[in-house]
Structure formats: C-alpha cells, structure tokens
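Hydrogens, waters and symmetry mates are skipped; everything else that's a heavy atom, side chains included, is used. We count ligands from 1, going down the list as the structure has it; atoms in each ligand are counted the same way.
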Amino acid sequence: MNAFSSLLRPALFCIDPETAHGLSLKALSSGLLPRVRPDRDPRLARRLMGLDFPNPLGLAAGLDKNGEVADPLLGLGFGFVEIGTVTPRPQAGNPKPRLFRLVRDGAVINRLGFNNKGHAAALERLRARQGRGGIVGVNIGANKDSPDRIADYVAAIRAFSGLASYFTVNVSSPNTPGLRDLQGRAALDELLARVVEARDSEARRVPLVIKIAPDMDEHGRADIAEVVLARGIDGVIISNTTVSRPPLIETGFAKETGGLSGRPLFRMSTIALAQFRRMVGPDLPLIGAGGVDSAETAFAKIAAGADLVQFYTGLVYGGPGLVGEILTGLSRILDRRGLASIADAVGLETDKWARETP
Ligand SMILES: Cc1cc2nc3c(=O)[nH]c(=O)nc-3n(C[C@H](O)[C@H](O)[C@H](O)COP(=O)(O)O)c2cc1C
C-alpha cells in the first residue's frame with residue numbers, strides 16, 4: 001500500500017467528491033506533489049497522428065476541464081494530457097450533487113454537465129504554458145443552450161488551433177441533453193465535414209479525433225466507422241462513460257442519473273474498442289479508455305486494439321503514483337512477453353475481445 005492509499009485517499013474520501021476534486025487540483029497547481037516522472041522506456045514511445053508520444057498512457061478529459069494543471073499532470077509521467085471539455089461560453093453545469101463515488105466498485109457516476117470556464121479562460125492557460133512541450137489535447141463541446149451546436153465546435157477549432165496538440169470532438173457526454181444525437185450517421189457527417197473544413201483552413205494542421213460512447217450497437221458503431229474513414233478523421237477515443245448500469249456492488253448510488261466510469265466500464269468499453277478496431281482496420285489510431293487502473297488493464301486495451309490508452313477514474317482511487325506504476329508495469333509486460341515494443345502489442349487480442357458479449 002502506498003502513501004496515497006493508506007493516508008491521503010481515506011482523508012479525501014471523507015469529503016464530498018467535488019471538494020476533493022478541487023483540493024486535488026490545488027495540490028497539483030501548488031507543486032506540492034513531487035514530480036515523479038518515471039524513467040523513460042523508449043519501447044513505450046509511439047509516433048501517431050504526427051505527434052511523438054513518449055508513452056501510450058494519457059489522462060482522459062474531465063479532470064483538468066480548464067487547462068489549469070496540464071504541466072503538473074505531465075510531470076506525473078503521463079505521455080499526454082487531455083484538457084476540457086471546454087465550451088465557448090462558461091457554464092455552471094448541473095445542480096449539485098452531481099458526482100458520486102462507488103468505492104467498492106472502483107467507479108464514479110457523474111452528471112457534471114460540462115461545467116467549465118469557457119474558451120477564453122482555457123486559452124489564457126494554454127498561452128501561459130506555450131513552449132513548454134508535452135502533448136496537450138483539447139476536448140471540445142457545445143454549450144447546453146447553444147442555438148447551433150456545430151458552430152460551437154467550429155469556434156473551438158478556430159480558437160485553439162495555435163495551441164492544441166490535437167482536438168477531441170466530444171459527441172458522447174451523456175450529460176448534455178441531445179449531444180449524443182451527434183453520433184448518428186447524418187448528424188456526425190455534417191459535424192465532421194464542418195470541423196474538418198475549419199481545421200483545414202487554419203495555418204496549423206491539428207489532428208482531429210472523436211470520442212464516442214460505449215452505449216451503441218454494432219450498427220451504430222459501423223456507421224461511425226464509415227463516416228470517420230470517409231472524412232479522414234485522425235483517430236477515435238473509445239469510450240466515454242456509460243449510461244448503462246452493469247452489475248454493481250454499491251447499490252446506493254446506482255440509480256443516480258449520469259455516466260458511469262471506472263472498473264465496471266472496463267469490459268464493455270474494451271469490447272467496443274475491439275469491435276471498432278475490426279471495422280476500421282489496423283491503421284487508424286485508436287485510444288482506449290474505460291476502467292484502466294493497472295498495467296494489466298492498460299495492456300489489455302492495447303492488445304484489444306488501442307494504440308494509446310487514457311484513464312481518469314483509476315487516478316481517483318489509485319492516486320498520482322499510479323501513472324508511474326502502470327508505466328513500469330507495461331515495461332515488465334514487454335519483457336515477460338518478449339515484445340520489442342508496445343507497438344507490437346497493438347491488436348494481439350482484437351479477435352478474442354471482439355467476440356465477447358458485454
Ligand atoms: C468526473 C468525470 C468527469 C468527466 N468529464 C469529461 C468531460 O468533460 N469530457 C469528456 O470527454 N469525458 C469526460 N469524462 C469521461 C472520461 O474522460 C473517460 O472517458 C471515462 O471516465 C472512462 O475512463 P475511466 O474509466 O478511466 O474514468 C469524465 C469522467 C469523469 C469520471
């Protein structure tokens with residue numbers, strides 16, 4: 001047991017989840033957390049979408065909604081950090097309580113609803129860190145009351161093109177009513193056409209990835225795969241949180257509305273990832289997210305077909321030291337399996353995962 005799980009976690013878990021989240025951000029920005037940047041293992045590096053990832057382990061969107069702590073997070077060892085979701089105008093999100101810990105499940109339910117300080121605030125933070133290096137993606141969304149949601153995504157492309165390492169077009173948050181409708185074939189095609197057009201008109205060509213939900217059948221996924229390939233999107237994140245409720249130990253909060261993340265999401269999101277990999281073939285970069293909390297679960301995502309992996313809820317339960325632990329563990333798995341690099345592990349078990357049922 002490390003210092004986080006024996007001391008800090010019990011203290012943090014005594015207070016309500018959003019206050020604990022705020023305190024964690026303060027600790028990160030104050031530099032109180034030691035920089036634990038683990039030794040770099042060149043076997044974990046990947047070059048994808050024109051970017052050099054020092055390792056495949058990224059922070060998923062939602063922790064650093066306003067880009068306030070990207071550098072301290074990179075300092076924990078993450079190969080890339082995704083900020084946001086940002087919307088053009090600041091918004092408060094849903095009424096509290098809106099964040100629930102399901103401790104025995106290693107899970108979280110959230111219905112935050114894109115609480116964030118808006119484009120201008122995030123832009124200021126990213127400008128302040130310009131030139132520091134590190135891969136920082138910007139996850140973009142639409143204001144809840146926007147009269148033209150596609151225009152909100154386009155506005156983000158225009159605003160952040162000089163600063164974002166990549167964009168994530170988030171069409172999969174369950175907490176903005178109607179947002180997930182943008183995953184439908186016709187709506188997605190129109191959205192991506194306009195977003196790609198905006199991206200291509202900027203001086204810098206910033207890679208575009210889209211982030212999808214785990215809650216759709218194979219037909220829905222096949223439609224997305226076709227549109228993504230036709231529009232030349234650079235990558236796909238699978239997945240966001242689920243609105244379904246797999247069997248849970250903690251029944252108290254299970255009925256709360258919102259997206260479920262963490263351990264109970266692992267299996268369904270990994271199956272969705274493998275099925276998507278089979279649909280798009282070996283070349284499109286895929287980022288696996290959902291329930292990663294160890295080197296084994298990170299490796300399983302990669303074997304299922306992910307080039308890169310992201311996690312968030314695992315950090316709530318495992319603490320900042322988990323990043324280094326997963327990276328060390330991945331290097332050990334390469335040794336054990338006799339693999340020359342992490343790239344060689346991608347898709348080793350896609351067929352096995354794709355045959356499973358959630
Ligand atoms: C509290 C919380 C807030 C989140 N906010 C966002 C968000 O703003 N945008 C987004 O695309 N995903 C958001 N997510 C989803 C995560 O980025 C991730 O896709 C999902 O939680 C699955 O990964 P995990 O099981 O490792 O947490 C959020 C997740 C949590 C737990």
If I apply the N/O under 3.5 Å rule, does [X] come out as touching ligand 1?
| X | answer |
| --- | --- |
| Phe311 | no |
| Thr241 | no |
| Gly262 | yes |
| Gln310 | no |

For [Y], is there any backbone N or O sitting under 3.5 Å from a side-chain donor or acceptor partner on [X]?
| X | Y | result |
| --- | --- | --- |
| Asp181 | Leu179 | no |
| Ser161 | Arg158 | no |
| Asp217 | Gly220 | yes |
| Thr350 | Ala304 | yes |
| Arg277 | Leu284 | yes |

State whether the number of non-hydrogen atoms from other residues, nucleotides or ligands found under 6.0 Å of Lys26 atom NZ is greater than 12.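 It does not: Lys26 NZ has 12 such atoms or fewer within range.
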
Is Arg245 atom CZ crowded by more than 12 heavy atoms from other residues, nucleotides or ligands, each under 6.0 Å away?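 Enclosed.
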
Per-atom contacts of ligand 1 with [X], taking only distances under 4.0 Å to non-hydrogen atoms:
| X | value |
| --- | --- |
| Gly290 | 22 (C), 23 (O), 25 (O) |
| Leu99 | 1 (C) |
| Asn240 | 10 (C), 11 (O), 12 (N), 15 (C), 19 (O) |
| Leu265 | 22 (C) |
| Asn170 | 9 (N), 10 (C), 11 (O) |
| Gly291 | 24 (P), 25 (O), 26 (O) |
| Thr313 | 24 (P), 25 (O), 26 (O), 27 (O), 31 (C) |
| Leu112 | 1 (C), 3 (C) |

In terms of ring plane angle, is the pair His21 and Tyr312 parallel, tilted or perpendicular, where the classes change at 30° and 60°?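 The rings of His21 and Tyr312 sit tilted, inter-plane angle from 30° to 60°.
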
Aromatic ring proximity Phe311/Phe78, centre distance under 6.0 Å: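 Centroid distance Phe311-Phe78: below 6.0 Å, so yes.
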
Can you spot which of Asp200, Ile140, Ile157 makes a side chain to side chain contact (heavy atoms under 4.5 Å, CB included) with Leu208?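 Answer to the side chain to side chain contact (heavy atoms under 4.5 Å, CB included) test with Leu208 among Asp200, Ile140, Ile157: Ile157.
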
Would you mind checking which non-hydrogen protein atom is closest to [atom], with the distance to 0.1 Å?
| atom | result |
| --- | --- |
| atom 21 (O) of ligand 1 | Ser261 CB, 3.2 Å |
| atom 26 (O) of ligand 1 | Tyr312 N, 3.0 Å |
| atom 18 (C) of ligand 1 | Lys211 NZ, 3.8 Å |
| atom 13 (C) of ligand 1 | Ala61 O, 3.3 Å |
| atom 9 (N) of ligand 1 | Thr85 OG1, 2.7 Å |
| atom 8 (O) of ligand 1 | Lys65 NZ, 2.9 Å |
| atom 4 (C) of ligand 1 | Gly62 CA, 3.6 Å |

Would you call Arg89 and Asp145 a salt bridge, using N to O less than 4.0 angstrom?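 Yes, Arg89 and Asp145 are salt-bridged.
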
Applying a 4.0 Å heavy-atom criterion (strictly less than), which segment of Ser239 is in contact with ligand 1: side chain, backbone, both, or neither?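 Just the backbone.
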
Is it possible for you to check whether Arg47 lies under 6.0 Å from the centre of the six-membered ring of Phe53, through NZ or CZ, and within 45° of that ring's axis?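 Judged by the rule, Arg47 and Phe53 form no cation-pi pair.
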
